[in-house]
Protein chains: 2
Amino acid sequence: MYQATMHSSELLKGTLQTIVLKILADHGKMYGYEITQRVKDLSDGTILLTEGALYPTLHKMEAEGLLKTETVLMGKRVRKYYTLTRDGKSVVQEKVREFAAFMKTMSALLNLQTA
Amino acid sequence: MYQATMHSSELLKGTLQTIVLKILADHGKMYGYEITQRVKDLSDGTILLTEGALYPTLHKMEAEGLLKTETVLMGKRVRKYYTLTRDGKSVVQEKVREFAAFMKTMSALLNLQTA
DNA sequence: GCCTGATACATAATACTCTTATGCATAAGA
DNA sequence: TCTTATGCATAAGAGTATTATGTATCAGGC
């Protein structure tokens with residue numbers, strides 16, 4: 001298994017879905033492992049999604065109709081590609097907006113000048 | 001009991017300690033109920049700390065030596081004032097710095113222009 | 001005088017989400 | 001051939017917050 005921890009561990013709680021959905025919105029069709037790598041890159045190695053967190057979340061969002069899948073055989077290896085459904089696309093927007101609002105609120109609370 | 005929910009519920013996970021410590025750092029001696037009200041004000045009513053979350057956290061941080069307490073009788077009512085210890089003061093700084101870094105990373109991931 | 005809502009503390013049961021651990025299997029490189 | 005990377009998946013456990021409950025004082029309206 002590949003390495004799987006992160007710096008500010010608990011802060012990530014509740015952001016996993018938002019991250020995954022947004023990555024899919026920006027990049028289109030992707031498979032699980034690819035998502036972990038992209039998140040790792042975009043976060044300069046600070047966010048390393050664990051498989052135990054990612055796969056159940058993907059399954060859950062698929063069950064909720066936010067994602068649809070397509071299984072492809074690469075040689076003898078299985079890849080499961082995920083794409084946003086129409087519902088998924090509107091949920092991403094909500095989630096990102098919600099997170100932006102959250103950041104703004106936190107900036108006020110913590111007296112940060114960022115926002 | 002007073003009202004106790006919040007908009008973007010799960011995002012708050014992991015930020016409670018940071019919020020409480022920072023509020024105490026900025027305002028000095030405060031008691032539990034006062035903290036909930038201040039957070040409510042500073043967040044424009046979007047963050048309503050629940051007692052079931054706040055008090056255990058305060059107790060935990062006291063046990064960890066980040067906070068010290070002083071119990072005062074107001075008439076016949078008990079108030080428990082919390083103040084940062086020296087350890088608490090350095091931990092706040094770390095936590096706030098950590099959160100700022102987290103926001104920056106998330107901004108990159110979510111393609112936000114805030115940071 | 002009584003009731004409601006705000007003030008003020010506290011803890012227990014429950015739910016949720018993620019971490020850690022484990023399992024299986026193929027492919028590439030040293 | 002052995003380790004690392006790729007690629008999926010699930011289960012046990014930990015951690016943190018929500019919801020519910022309990023106790024009690026105080027102020028204001030009727």
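Letters A, B, ... mirror the listed sequences (proteins, then strands); counts begin at 1.
Between A/Tyr31 and D/dC8 there is no side-chain N or O to OP1 or OP2 distance below 4.0 Å. Between B/His59 and the phosphate of C/dC9, there is no side-chain N or O to OP1/OP2 separation shorter than 4.0 Å. Within the structure, a side-chain polar atom (N or O) of B/Thr50 is placed less than 4.0 Å from OP1 or OP2 of D/dT18.
With sequence neighbours left out, B/Val39 forms a side chain to side chain contact (heavy atoms under 4.5 Å, CB included) with A/Leu109, B/Ile19, B/Ile23, B/Ile35, B/Ile47, B/Leu49.
Listed for the A/Thr85 side chain is a donor-acceptor partner under 3.5 Å among the backbone atoms of A/Gly88.
Base contact: A/Gly52 has a heavy atom under 4.0 Å from a base atom.
In this structure, B/Met30 places its CE atom 11 Å from P of C/dC9, rounding to the nearest Å. To the nearest angstrom, P of D/dA9 lies 8 Å from CG of A/Leu58. Whole-Å rounding puts the A/Lys40 NZ to D/dA5 P distance at 8 Å.
For B/Lys80, whose side chain is taken as the heavy atoms from C-beta onward, the closest listed nucleotide among D/dT10, C/dT11, C/dA10 is C/dA10.
The stretch residues 71-78 of chain A touches DNA chain C through A/Lys76, A/Arg77, each having a heavy atom within less than 4.0 Å of the strand.
Across all strands shown, C/dA30 forms a Watson-Crick or G-U wobble pair with D/dT1, both key distances being under 3.5 Å.
Residue pairs meeting the ring pair (Phe, Tyr, Trp, His ring centres under 6.0 Å) criterion with at least one partner in residues 60-101 of chain B, sequence neighbours excluded, are B/Tyr31-B/Tyr81, B/Phe99-B/Phe102. Applying the ring pair (Phe, Tyr, Trp, His ring centres under 6.0 Å) test to pairs two or more places apart or on separate chains, none has a residue in residues 34-62 of chain A.
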Under 3.5 Å between N/O atoms: give me all the protein pairs with nucleotides 15-17 of chain C, atom names plus distance.
unit_1 : atom_1 : unit_2  : atom_2 : d
C/dT17 : OP1    : B/Glu10 : OE2    : 3.4

Name the atoms and distances for all side-chain donor-acceptor pairs under 3.5 Å in residues 62-78 of chain A, with sequence neighbours left out.
unit_1  : atom_1 : unit_2  : atom_2 : d
A/Glu62 : OE2    : A/Thr69 : OG1    : 3.0

